[in-house]
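Note sheet for the following structure.
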Amino acid sequence: MTEVIGGDEIASQVWLQLQRACVDRHHEWRTPVLASIGLDGSAQARTVVLRRADVGAGRLLFYTDRRSPKVPELRAHPGATLVFWSRRLSWQIRARVTIHILDAGPLVDSAWASVAQSPLAGDYLSAAPPGAALRTVSVNPVAPAPPAETAVPETPPGSEGPQPLDLRGGPHHLAVVCADVVSIDWLELSRSGHRRALLTTGGLQWLVP
Ligand SMILES: Cc1cc2nc3c(=O)[nH]c(=O)nc-3n(C[C@H](O)[C@H](O)[C@H](O)COP(=O)(O)O)c2cc1C
């Protein structure tokens, strides 16, 4: 962003960029880092893909596998932070959010419908949960990497060995992560002087960068 925008425009421009990031695969805000608290109290952070930004509700949506460790973590500690940086905009935002996770219902159904026919579907169909230990993994430097769901999971105790996976036969594990924005710490880097502001429903508070 080359022009200097006024304080009254910052919140609307931030949400406009968040909405663009949902539809523009190259937008740098498409893949923020979601930081949260682990079940043992440790700091946890991971990249996620921004799927929807609902300005009216002040809500950001992501998809995940409902069996992933972050789901119980976020249910136990719903307060989280999303960090976005865009070199093009020279903007960082740190959004404090309150999370709830949906693993059934119309929103999950429509989310699944939007990915079910795409290669993305495999992310939510693996037989073993994310983070499960693998006995073997094949890497072929010539052919493209296999989809994650073809990795062979650790053999369950008592079974005869790795079984072929019916990748599309089982239920999907997609869950929708809803992040309600509580406040946004906006930072603009500029040679002519950095600017920082805290955006809340109460308005804008300028801060020392
Ligand atoms: C570019 C990129 C995008 C990602 N998008 C998602 C996503 O939308 N949802 C998700 O659950 N994991 C996503 N991941 C994987 C997570 O960063 C993380 O490795 C995985 O979810 C396990 O995290 P957890 O152990 O905290 O549950 C993405 C990773 C990368 C590198």
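Indexing begins at 1, ligand by ligand and atom by atom, following the structure's order. When reading the values below, keep in mind they use all heavy atoms of this one structure, side chains included, and skip hydrogens, waters and symmetry mates.
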If you have a sec, work out which protein heavy atom is nearest [atom] and how many Å separate them, to one decimal?
atom: atom 14 (N) of ligand 1; value: Thr47 O, 3.1 Å
atom: atom 23 (O) of ligand 1; value: Lys70 NZ, 3.4 Å
atom: atom 8 (O) of ligand 1; value: Val49 N, 2.9 Å
atom: atom 9 (N) of ligand 1; value: Tyr63 O, 2.8 Å
atom: atom 11 (O) of ligand 1; value: Thr64 OG1, 2.6 Å

task: Can you sort out the partners of Arg30 under salt bridge (charged side-chain N to carboxylate O under 4.0 Å, His left out), two or more places apart, ordered by chain and number?
output: none
- prompt: Which part of Phe62 is near ligand 1, with near meaning a heavy atom under 4.0 Å away: side chain, backbone, both or neither?
  reply: neither
task: Would you sort out whether Asp54 and Leu61 count as a side-chain contact (heavy atoms from CB on, under 4.5 Å), showing the intermediate values?
output: CA-CA 8 Å; Asp54 183 340; Leu61 296 187; over 6 Å; no
- request: Describe, in one word, how the ring planes of Tyr124 and Tyr63 are oriented to each other, choosing from parallel (under 30°), tilted (30 to 60°) and perpendicular (over 60°).
  value: perpendicular
field: Numbered atoms of ligand 1 (with element) below 4.0 Å of Ser68, judged on heavy atoms
entry: 27 (O)
query: Against heavy atoms of Pro69, which atoms of ligand 1 measure under 4.0 Å?
result: 25 (O), 27 (O)
query: Heavy atoms of the protein only: does one fall short of 4.0 Å from atom 19 (O) of ligand 1?
result: no
Non-hydrogen side-chain atoms of [X] and [Y] separated by less than 4.5 Å:
X: His173; Y: Val71; answer: no
X: Arg59; Y: Arg52; answer: no
X: Gln13; Y: Trp91; answer: yes

Asp103: partners by side chain to side chain donor-acceptor pair (under 3.5 Å), with sequence neighbours left out: Arg75
query: Does atom CZ of Arg96 have more than 12 heavy-atom neighbours from other groups under 6.0 Å away?
result: no
task: Ignoring angles and geometry beyond distance, decide whether Arg46 reaches within less than 3.5 Å of ligand 1 through its nitrogen or oxygen atoms.
output: yes
message: With respect to Thr31, determine whether any N or O atom, backbone or side chain, lies less than 3.5 Å from an N or O atom of ligand 1.
response: no
